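All figures in this text were calculated on a predicted structure; none of them were measured in a lab.
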Amino acid sequence: MAAASVCNLAIRFGYPNNSNCHFKLRFCRRSAAAAAVGGVVATRREAEAEAADELRRCLAPERLEVLEQMEPWVEAHVLPLLKPAEEAWQPADLVPDAVALGADGFHAACLELRERAAGVPDAHLVCLVGNMVTEEALPTYQSMANRFESARDVTGADGTAWARWIRGWSAEENRHGDVLNRYMYLSGRLDMRQVERTVHRLISSGMAMHAPASPYHGFIYVAFQERATSISHGNTARNVRAHGDDALARICGAIAADEKRHEAAYTRVVEKLLEADPDTTVRALAYMMRRRITMPAALMDDGRDADLFAHYAAAAQQAGTYTASDYRSILEHLIRRWRVAELEAGLSGEGRRAQDYVCALPQKIRRIEEKAQDREVQMRKKPTAIPFSWIFDRPVDVILP
């Protein structure tokens, strides 16, 4: 019998009041604690061993050769999704430009921007800041992409198609945080010092992708994330437009359109990997789904709220910016797009088990959602007022899990 079970039985039935029995209780509690710690350590070691095995499998020479052979295909089918700087929108196109408008025109444009921003509810502002903080952590994401063997920019100025994609993608992503930052500064609705500190801390903290540094896992992660980001910015655009801020809606809509192109690129890459190496790719997909796709800004920290990301996520769920249902719908979309259920040739026994797991997962998630909703209805949870430093500690009502 486990130490925890012995201890629970002792407490349930009661020991006589003597020191020997108190010693037994203390021993049981210490044994239970030691067993719990030992279990965590064992679980961590097992996870690390599994990740190491996964990485070795995906970095085998024959696996990396697949990426190297894809180079001409990337040149023809992925790089064209980037826009040249001369054709792409720039932040100056979407916020008032002092030089173009002149002093009086710029002042009038800023007043109009502030008037429209005044109508955006605090809950949507919190979601906007969360999106902006995520975008501003771009240095972390470029570093992450450069971990992918055979698909990275080794020197920082490589001429390979993979390297040019990483730099071009980063250049387009860089505009997103810039334009949101400028809008937020001009709106006068936000404590920009707290926002900037959050960005600073997030970049310093990095991100936990919970996946081996292989291109197979990495491209699956980014394909999922780009679709999630597009949905989040698109929903923000609709929400703020409903409250009269057309300028912010245009900004978020422009970002969402970029993210859709980036999603298309990474989705194509994974599609090609499934065609060239279905077994490795579907097993990598199952590996990622078992650990769930963590949000890139999960380590955000404003120096005040120890549960900032959880509170931001709850606000996004409440506002309809990004919800648990969106997570499931993204998975369903990618399974259909990648035709995972139709994979037949080239799958090992492990590959078929991975295929079955991935295809069954959306329905499992749906059942969990339904149970969670039933519990919420039964418990009739009341919103909790959470202060956010980004909006000068004004509270936002959210329903916490």
Side-chain angles (χ1 to χ4, degrees), residues 67-101 131-132 134-148 150-186 199 203 215 218-219 221-234 236-237 246-273 296 337:
L67 277 295
E68 292 162 5
Q69 291 175 348
M70 282 175 60
E71 183 93 13
W73 179 88
V74 173
E75 185 82 42
H77 298 279
V78 177
L79 281 175
L81 289 170
L82 294 173
K83 287 189 176 182
E86 294 74 24
E87 297 177 16
W89 61 265
Q90 299 298 334
D93 301 328
L94 298 174
V95 292
D97 185 338
V99 174
L101 296 173
N131 286 348
M132 173 268 200
T134 303
E135 295 286 356
E136 288 280 52
L138 176 62
T140 300
Y141 314 144
Q142 187 170 4
S143 299
M144 176 199 71
N146 268 325
R147 297 168 65 211
F148 304 158
S150 296
R152 59 183 178 177
D153 186 2
V154 177
T155 67
D158 278 0
T160 66
W162 288 116
R164 283 153 47 220
W165 165 260
I166 290 172
R167 295 197 301 271
W169 167 69
S170 299
E172 291 194 353
E173 290 282 344
N174 186 61
R175 300 166 304 146
H176 302 169
D178 280 357
V179 70
L180 290 173
N181 198 323
R182 294 183 200 182
Y183 168 87
M184 288 161 53
Y185 179 82
L186 292 173
V199 172
I203 296 174
F219 288 133
Y221 177 88
V222 185
F224 194 104
Q225 276 301 334
E226 292 288 7
R227 186 167 182 84
T229 309
S230 176
I231 289 171
S232 181
H233 285 296
T236 301
D246 291 335
L248 179 55
R250 280 194 300 274
I251 289 171
C252 295
I255 296 172
D258 276 357
E259 303 292 12
K260 285 295 289 182
R261 282 189 296 108
H262 299 164
E263 174 203 339
Y266 288 108
T267 302
R268 288 182 189 179
V269 170
V270 177
E271 201 167 36
K272 188 67 174 176
L273 287 172
R337 170 63 193 270

Let's go through Phe148 and Leu67 carefully: what are the C-alpha distance in whole Å and the side-chain angles of both, what is the deciding distance for side chain to side chain contact (heavy atoms under 4.5 Å, CB included) to 0.1 Å, and is it a yes or a no? CA-CA 10 Å; Phe148 304 158; Leu67 277 295; over 6 Å; no

Return yes if a side-chain donor-acceptor contact under 3.5 Å exists between His262 and Glu173, otherwise no. yes

What are the two closest non-hydrogen atoms of Leu138 and Ser170, and how far apart are they? CD2-O, 3.3 Å

Compare every heavy atom of Ala256 with every heavy atom of Ser230, then report the nearest pair and how far apart it is. OG-O, 3.3 Å

Quick one: do Leu180 and Glu136 satisfy side chain to side chain contact (heavy atoms under 4.5 Å, CB included)? Show the steps, please. CA-CA 9 Å; Leu180 290 173; Glu136 288 280 52; over 6 Å; no

Does Tyr266 reach the side chain of Trp165, with side-chain heavy atoms less than 4.5 Å apart? yes

Are side-chain heavy atoms of Met70 and Val269 found at a separation under 4.5 Å? yes

Measure the CG-CG distance between Asn181 and Leu186 for me, rounded to the nearest 0.5 Å. 9.5 Å

Looking only at non-hydrogen atoms, find the nearest pair between Ala145 and Ile166 and report the distance. O-CD1, 4.0 Å

Using every non-hydrogen atom in the two residues, find where Ala237 and Gly253 come nearest and quote the distance to one decimal. CB-N, 3.9 Å

Using every non-hydrogen atom in the two residues, find where Pro91 and Asp178 come nearest and quote the distance to one decimal. CG-CB, 3.9 Å

I need the Asn131 CG to Ile255 CD1 distance, nearest 0.5 Å. 8.0 Å

Show me the donor-acceptor pairs within less than 3.5 Å that the side chains of residues 74-87 make with the rest of the protein, sequence neighbours left out.
| from | atom 1 | to | atom 2 | distance (Å) |
| --- | --- | --- | --- | --- |
| Glu75 | OE1 | Arg164 | NH1 | 3.0 |
| Glu75 | OE1 | Arg164 | NH2 | 3.4 |
| Glu75 | OE2 | Arg164 | NH2 | 2.7 |

Between atom CG of Asp246 and atom CD1 of Ile251, what is the distance when rounded to the nearest 0.5 Å? 11.5 Å

List for me each residue that meets ring-ring contact (aromatic ring centres under 6.0 Å, His included) alongside Tyr221, sequence neighbours excluded, and say none if there are none. none

For the residue pair Trp89 and Leu94, what are the closest heavy atoms and their distance? CE3-CD1, 3.6 Å

Gln69 meets the side chain to side chain donor-acceptor pair (under 3.5 Å) criterion, sequence neighbours left out, with Glu65

Spacing of Leu273 atom CG and Arg268 atom CZ [to the nearest 0.5 Å]: 14.5 Å

Contacts of Arg167 meeting side chain to side chain donor-acceptor pair (under 3.5 Å) (sequence neighbours excluded), chain-then-number -> Asp153

Which residues pass the side chain to side chain donor-acceptor pair (under 3.5 Å) test with Glu226, not counting sequence neighbours? Trp169

First locate atom SG of Cys252, then atom NE2 of His233, and finally report the distance between them rounded to the nearest 0.5 Å. 7.0 Å

Output all residues satisfying side chain to side chain donor-acceptor pair (under 3.5 Å) with Thr134, sequence neighbours left out; order by chain, then residue number. none

Rounded to the nearest 0.5 Å, how far does CZ of Arg152 lie from CH2 of Trp162? 13.5 Å

Could you check if a side-chain atom of Leu101 sits within less than 4.5 angstrom of a side-chain atom of Pro96, using non-hydrogen atoms only? yes

Pairs involving residues 247-257, ordered by first then second residue, that meet salt bridge (Lys or Arg N to Asp or Glu O under 4.0 Å) (sequence neighbours left out): none

I need the full list of salt bridge (Lys or Arg N to Asp or Glu O under 4.0 Å) pairs touching residues 257-266, with sequence neighbours left out, sorted by first then second residue. Glu172-Arg261, Arg175-Asp258, Arg227-Glu263, Asp258-Arg261, Lys260-Glu263

Applying side chain to side chain contact (heavy atoms under 4.5 Å, CB included), name anything that partners Val99, two or more places apart in sequence or on another chain. Asp97

By ring-ring contact (aromatic ring centres under 6.0 Å, His included), which residues pair with Tyr183, not counting sequence neighbours? none

